[in-house]
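These figures come from a predicted structure and were not determined experimentally. Within every chain, numbering begins at 1; the chains are lettered A, B, ... in the order of the sequence lines, protein sequences first and strands thereafter. Just so it is clear, the values below take in all heavy atoms, side chains as well, and ignore hydrogens, waters and symmetry mates.
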Protein chains: 2
Amino acid sequence: MAEEPDVTAAPALPASGARPTIADVARRAGVSKGLVSFALNDRPGVKAETRERILGVADELGFTPSVRARALSVDRSFALGLVIARDPSIVAADPFFPTFISGVESELSEVGQALVLASTTSQRQEAETYRQLAGDKRVDGVFLTDLRANDERIGLLQKLGLRAVTLGRPDVSSPFPAVSSDDGAGIRAVVDHLVLLGHTRIAHVAGPADLLHAAHRRTAFEGAMTDAGLDATRVVETDFSAREGAEATRRLLAVRSSHRPTAIVYSNDPMAIAGIAIARRAGLDVPRDLSVAGFDNTDLAEHVYPSLTSVATDVALWGATAARVLLAAVAGDAIDGRTPLPTRLVIRESTAAAPTTT
Amino acid sequence: MAEEPDVTAAPALPASGARPTIADVARRAGVSKGLVSFALNDRPGVKAETRERILGVADELGFTPSVRARALSVDRSFALGLVIARDPSIVAADPFFPTFISGVESELSEVGQALVLASTTSQRQEAETYRQLAGDKRVDGVFLTDLRANDERIGLLQKLGLRAVTLGRPDVSSPFPAVSSDDGAGIRAVVDHLVLLGHTRIAHVAGPADLLHAAHRRTAFEGAMTDAGLDATRVVETDFSAREGAEATRRLLAVRSSHRPTAIVYSNDPMAIAGIAIARRAGLDVPRDLSVAGFDNTDLAEHVYPSLTSVATDVALWGATAARVLLAAVAGDAIDGRTPLPTRLVIRESTAAAPTTT
DNA sequence: ATGGTCATCTAAACCGGTTTAGGTGAGCGA
DNA sequence: TCGCTCACCTAAACCGGTTTAGATGACCAT
């Protein structure tokens, strides 16, 4: 009537050094492999006492299931993927990815999932990368960043059978949950702030038109300007690089002073910083002659001269949220329709009252 | 005597949709699974004709081996890991990681290996992260970045049985190959450049002393100064953040002008940019009153005002090289002793002749 | 006593590769 | 003709989990 299994008679521990397997646990607990699996996964059909005993033995042996074996038998990877397709130098200048990744990681590490990274340059390679990730079943789902107009990746991912979460809402019909940041509100806040300061000739240095969030910021700019009864035509498109930000600024300032913008709203911080440099070279003082605002509130924004007014977005939170949504999607639960993450205007030295007309 | 297998009699293709497995190839080629495996892995004991036939069938079916199944049976992951342990905001400001990663990826994607990323904040978590990566056998090897003085991770990784490559040479005995960048030469080039411009009071804003590459740059600075017969005591330590770069600059400039440095060498670009801002706030003109040099030649360096003299390092190449070395180490080939990657001084506007003594 | 139901558990198949032990037959020397 | 070696190939075990089919026995109603 030994309710408690006789420990002295219990089979020996597995050879030290090697990790215990489910078979070791089964042997030691005097049950079959299958039952151990059932007990560990909290499935019905295991007597309470037995379950306790199995869990005890597993604990005692320090058993943790092999991710690889599980991956093979349940056809899951327990990993999520992130494909970065921007030009390396632009990625480097923009703190988005590192911050986003740290947010993602904070969620993944808690549930024992891994993040697989892939980076490519051309879009040709990009599709190939997704294909490979899906073909090798390296990941269960992917984060879809830098959404483009009419994004072919949505269709591709469906065809490949990958789960996904999109950062922002695509302009094509998408079966994937989306997590958005309320960039539009941020841009509007900047424009309102500038209008309040008396600016009327406000320009916008936009990102690539085919990048949805860049286009969205631009649309928000135009909307806010129109709402304020102002001319919204001073817009220059760039590739988000500091170089093109500088070039755009040069172009915007190269008109006679009565038409020259008195304020420029940039679509990211590096471009704004480059813009300030160009203004100074043109003999303009920021903010006396020209107000400048950035976007994303980079670490550096606070430490340049003049310090940069910028729209703060909580990118790490965005990453964490996206990770939770994607994990749910992989698990089969569809959560979506979340309210966009808020943005916050951080006013610093680079914006001030519009110059009095000469 | 049918040399060519009769295709019409060949077993049907596997159910469309499902990926072909090695068993499908075997069936269709009329051989055993084992032989297919041998043929695909170029092992002896397969007749040339048979090998051809098997490869042909594999090709015809579009067979690619399952990474998972291979991982389970050969006990390898076909993935490399990168653990980022810096503070997220510092990682974000520094373009190192995105650039390094793109270099790594360029190598990995070609050989079908994946990059697994993990990021943590505290060092406590860091060890735990490596433990988990090793325990789950998520990766075959890791990149060891941001080497620290007396780095415990070297021992930990050995204990965990992980392969590794170190970025830079550790100060403790290490069984791992190392790939280095010749930061010291870069710093020396900056100092020589400044000395040539007539500067004598040159300061250094260093990174954390426990970070080996930061310490190395500092030592190089002190060595170059001493060699030039100059006082090398104007050194302030920081955590690499723009905030502390600004603070360090403030401190360095807060002495009477006859003792104030006329040039500051920063250990990275964001700090140098923040330093320029502080100088301007103090009423100093860069480079007239103060020369400033950065390190890493960030994208932004060219686009700030004044544009920043900086030491360019080819981080992407570093990543690619480290990846190749690590792949070799995982495969059992030890390659090391490579010459440090070169750096290049990029002279821009922020450095100029030392101010004439008043 | 007989059969049915249910809870509990075991045995074995399975995922898709690799690897080992062993089988087959051709070629060769005695 | 016999036995040996060798090249080529097959069958089966194995990696470490999950999952399905089925065995066992307790309990209950008939």
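Salt bridge annotation for Arg19(B)-Asp24(B): absent, with no cationic side-chain nitrogen under 4.0 angstrom from a carboxylate oxygen. Ion pairing of Arg68(B) with Asp75(A) is present here, as a side-chain N (NZ or NE/NH1/NH2) and a carboxylate O approach within less than 4.0 Å. Salt bridge present: Asp146(B) and Arg86(B) bring a charged side-chain N and a carboxylate O closer than 4.0 Å. At a threshold of 4.0 Å, the pair Arg148(B)-Glu126(B) counts as salt-bridged, since one of the basic side-chain nitrogens sits closer than that to a carboxylate oxygen.
Looking at heavy-atom distances under 4.0 Å, Ser66(A) makes contact with sugar-phosphate atoms alone, never a base.
Contact footprint of chain A on DNA chain D: nucleotides with an atom under 4.0 Å from a non-hydrogen protein atom, first to last in 5' to 3' order, dG16(D) to dT20(D).
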Under 3.5 Å between N/O atoms: give me all the protein pairs with nucleotides 6-10 of chain C, atom names plus distance.
residue : atom : partner  : partner atom : Å
dC9(C)  : OP1  : Thr50(A) : OG1          : 2.8
dC9(C)  : OP2  : Lys47(A) : N            : 2.9
dC9(C)  : OP2  : Thr50(A) : OG1          : 3.4
dT10(C) : OP2  : Ser32(A) : N            : 2.9
dT10(C) : OP2  : Ser32(A) : OG           : 3.2

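Side-chain contact between Val91(B) and Ile84(B) is present, with heavy atoms from C-beta onward closer than 4.5 Å.
Looking at every heavy atom in both residues, Val46(A) comes nearest to Arg43(A) through CG2-O, 3.9 Å. The minimum heavy-atom distance linking Arg169(A) with Leu147(A) is given by the pair C-CD2, 3.8 Å. Ala164(B) and Leu157(B) make their closest contact through CB-CD1, 3.9 Å (heavy atoms, listed as atom of the first residue, atom of the second, distance). Scanning both residues, Ser77(A) and Val67(A), for their nearest heavy atoms gives O-CG1, 4.5 Å.
Asp314(A) pairs by the side-chain contact (heavy atoms from CB on, under 4.5 Å) definition with Ala316(A), Leu317(A), not counting sequence neighbours. In this structure, the side-chain contact (heavy atoms from CB on, under 4.5 Å) partners of Phe63(A), at least two apart in sequence or on a different chain, are Pro20(A), Ile22(A), Val25(A), Leu40(A), Ala58(A), Pro65(A).
Taken over five-pair windows at either terminus, the axes of the helix from dA1(C)-dT30(D) to dA30(C)-dT1(D) are inclined to one another by 80° (rounded to 10 degrees).
Of all the residues in residues 68-78 of chain B, Leu72(B), Ser73(B) reach under 4.0 Å from DNA chain D with at least one non-hydrogen atom.
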Using ring pair (Phe, Tyr, Trp, His ring centres under 6.0 Å), reason through Phe143(A) and Phe100(A) one step at a time and then give a plain yes or no. CA-CA 11 Å; Phe143(A) 297 93; Phe100(A) 182 78; 5.7 Å; yes
